[in-house]
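Okay, so here's the structure we're looking at.
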There are 2 protein chains.
Amino acid sequence: MTVAQKILDAEKTMGSGKSVESFTIGQLSRETGCKVPTIRYYEQIGLLPEPGRSAGNQRVYGQQHLSRLAFIRHSRELGFSQAEIRQLLELSDHPDQPCAEINAIAQKHLDEVNHRISRLESLKAELERMVHACQGGKVEDCRVIDTLADHAHGNCLTAEH
Amino acid sequence: MTVAQKILDAEKTMGSGKSVESFTIGQLSRETGCKVPTIRYYEQIGLLPEPGRSAGNQRVYGQQHLSRLAFIRHSRELGFSQAEIRQLLELSDHPDQPCAEINAIAQKHLDEVNHRISRLESLKAELERMVHACQGGKVEDCRVIDTLADHAHGNCLTAEH
DNA sequence: CTAATGTCTCTAGTAACTATAGCTTCAAGA
DNA sequence: TCTTGAAGCTATAGTTACTAGAGACATTAG
Ligand SMILES: [Zn+2]
Ligand SMILES: [Zn+2]
Ligand SMILES: [Zn+2]
Ligand SMILES: [Zn+2]
């Protein structure tokens, strides 16, 4: 079933003349790719506003929840932290403001990603060196163990790690 | 009573006639670069064996603790998980065995590091693209917000993330 | 109507520590 | 010897971003 069909369906079942799109938590989950417990968790920590409830106490979401959750999900996929997402959401709620802050958050995140990459690159170099040095003998003579045991970093490219 | 006397005392109480060097937790911390609470934590989770205690109930470490903690620390610096370190320690306690398993653990870790790098590289590409697209206008028109809000990944290099 | 699936709340667990509180012990100076 | 400050002790809780489970209620397909 497509989104549009679901929306129409929801409208019909609510017998509403107005175009009220609504979703259960499961539908929202399928639409956004967020797991159901994750959606409830986002509500709990205040990332996603509390939705209305049906007669049977089940959550009823609207279009704005879908958009917001999709935003959150996409941001998480790009590695933004909850704190950063909170700021991004707050800023995106003020369309008239200049977007400098938004760009700054994204840039800062990019810097951090670059930093993580360079750290991992040096780990990679160390690990390759270590794995390469292993001659496949006994543990006693293993260069991997040697390297790890040598706290003076005698076998390391750098002692920075 | 001086430190030296206490150490001798501890050595005696440990039944050792040999000149066993011993350390307080603070000394161990300085030697290895592990913070004091981290050392206690490693003991708690069973990575580091329980040391002896002085008359005043303070931990008294020996050379073997120093070596083992240094090993742990170096492994952590290279990104090995606690579970991996546990295996490495277990294996290194059997010097007669072949070292194939050790190398396999290191190789597996290397693979994982490579995987993380490639993931971060694609995040980096996305983020650069996004940051670049921002023209510095109002939030309303910000391409960063656009990109994040678009769950269809219309502005993304790939939708894989 | 019934069975299956979906949803509810609440609690606790994950990795790998870090921080805090309130206490005791130790080393060294006056 | 007294005292003061640093170091050490235990125990608990917080961090990030969820995930898993238990046990009860709601909804829906056949
Ligand atoms: Zn080897
Ligand atoms: Zn090293
Ligand atoms: Zn912008
Ligand atoms: Zn995308």
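Throughout, a chain's letter reflects where its sequence line sits, starting with A, and its residues are numbered from 1.
Using a cut-off of 4.0 Å between Lys/Arg side-chain N and Asp/Glu carboxylate O, K138(B) and D141(B) are scored as not salt-bridged. Ion pair R116(B)/E112(B) flagged as a salt bridge, since at least one NZ, NE, NH1 or NH2 atom sits closer than 4.0 Å to an Asp/Glu carboxylate oxygen.
Once rounded to the nearest 0.5 Å, the distance linking CG of L91(A) with CG of N103(A) reads 11.5 Å. Between atom CD of residue E160(A) and atom OG of residue S122(A) there is a gap of 7.5 Å, rounded to the nearest 0.5 Å.
Atom-to-atom, CD1 of I39(A) to P of dC18(D) comes out at 12 Å; the value is rounded to the nearest Å. The distance between atom CD1 of I85(A) and atom P of dC18(D), rounded to the nearest whole Å, is 8 Å. Spacing between atom CZ of F80(A) and atom C1' of dC18(D) amounts to 19 Å, rounded to whole angstrom units. Rounded to whole Å, the distance from CZ on F23(B) to P on dG8(D) is 14 Å. When the C1' atom of dT16(D) is taken as reference, atom CZ of R116(A) falls 12 Å away, rounded to whole Å. Remark: C1' of dT15(D) and NZ of K35(B) are 13 Å apart, rounded to the nearest angstrom. If you measure from atom CG of L47(B) to atom P of dA16(C), you get 9 Å, rounded to the nearest angstrom. Atom-to-atom, CD of E43(B) to P of dG8(D) comes out at 14 Å; the value is rounded to the nearest Å.
Annotation: E43(A), atom CD; neighbour count of heavy atoms from other residues, nucleotides and ligands within 6.0 Å is above 12. Counted within 6.0 Å of NE2 on H132(A), heavy atoms from surrounding residues, nucleotides or ligands total 12 or fewer; the atom is thus considered open.
Judged purely by atom type and a 3.5 angstrom limit, H109(B) uses its side chain to pair as donor or acceptor with the backbone of L78(B).
Summary of the strand contacts: Y41(A) and A55(A) both lie near DNA chain D, and taking for each the nucleotide with the nearest heavy atom, the more 5' one is attributed to Y41(A).
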Restricting both atoms to N or O, compile the protein contacts to nucleotides 6-13 of chain C shorter than 3.5 Å, with distance only.
{"unit_1": "dT7(C)", "atom_1": "OP1", "unit_2": "T24(A)", "atom_2": "OG1", "d": "2.9"}
{"unit_1": "dT7(C)", "atom_1": "OP1", "unit_2": "G26(A)", "atom_2": "N", "d": "3.1"}
{"unit_1": "dC8(C)", "atom_1": "OP1", "unit_2": "R59(A)", "atom_2": "N", "d": "2.7"}
{"unit_1": "dC8(C)", "atom_1": "OP1", "unit_2": "R59(A)", "atom_2": "NH1", "d": "3.1"}
{"unit_1": "dC8(C)", "atom_1": "OP2", "unit_2": "R40(A)", "atom_2": "NH1", "d": "2.4"}
{"unit_1": "dC8(C)", "atom_1": "OP2", "unit_2": "R59(A)", "atom_2": "NH1", "d": "3.2"}
{"unit_1": "dC8(C)", "atom_1": "O5'", "unit_2": "R59(A)", "atom_2": "NH1", "d": "3.4"}
{"unit_1": "dC8(C)", "atom_1": "O3'", "unit_2": "R53(A)", "atom_2": "NH1", "d": "3.4"}
{"unit_1": "dT9(C)", "atom_1": "OP1", "unit_2": "R53(A)", "atom_2": "NH1", "d": "3.3"}
{"unit_1": "dT9(C)", "atom_1": "OP1", "unit_2": "R53(A)", "atom_2": "NH2", "d": "3.0"}
{"unit_1": "dT9(C)", "atom_1": "OP2", "unit_2": "R59(A)", "atom_2": "NH1", "d": "3.0"}
{"unit_1": "dT9(C)", "atom_1": "OP2", "unit_2": "R59(A)", "atom_2": "NH2", "d": "2.9"}

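In this structure, S54(B) does not reach the dT25(C) phosphate: none of its side-chain N or O atoms is under 4.0 Å from OP1 or OP2.
In the set dT19(D), dT18(C), dA17(D), the nucleotide with an atom closest to the side chain of R76(A) is dA17(D).
Contact annotation for Y42(B): backbone-only contact, meaning every heavy-atom pair under 4.0 Å involves sugar-phosphate atoms and none involves a base.
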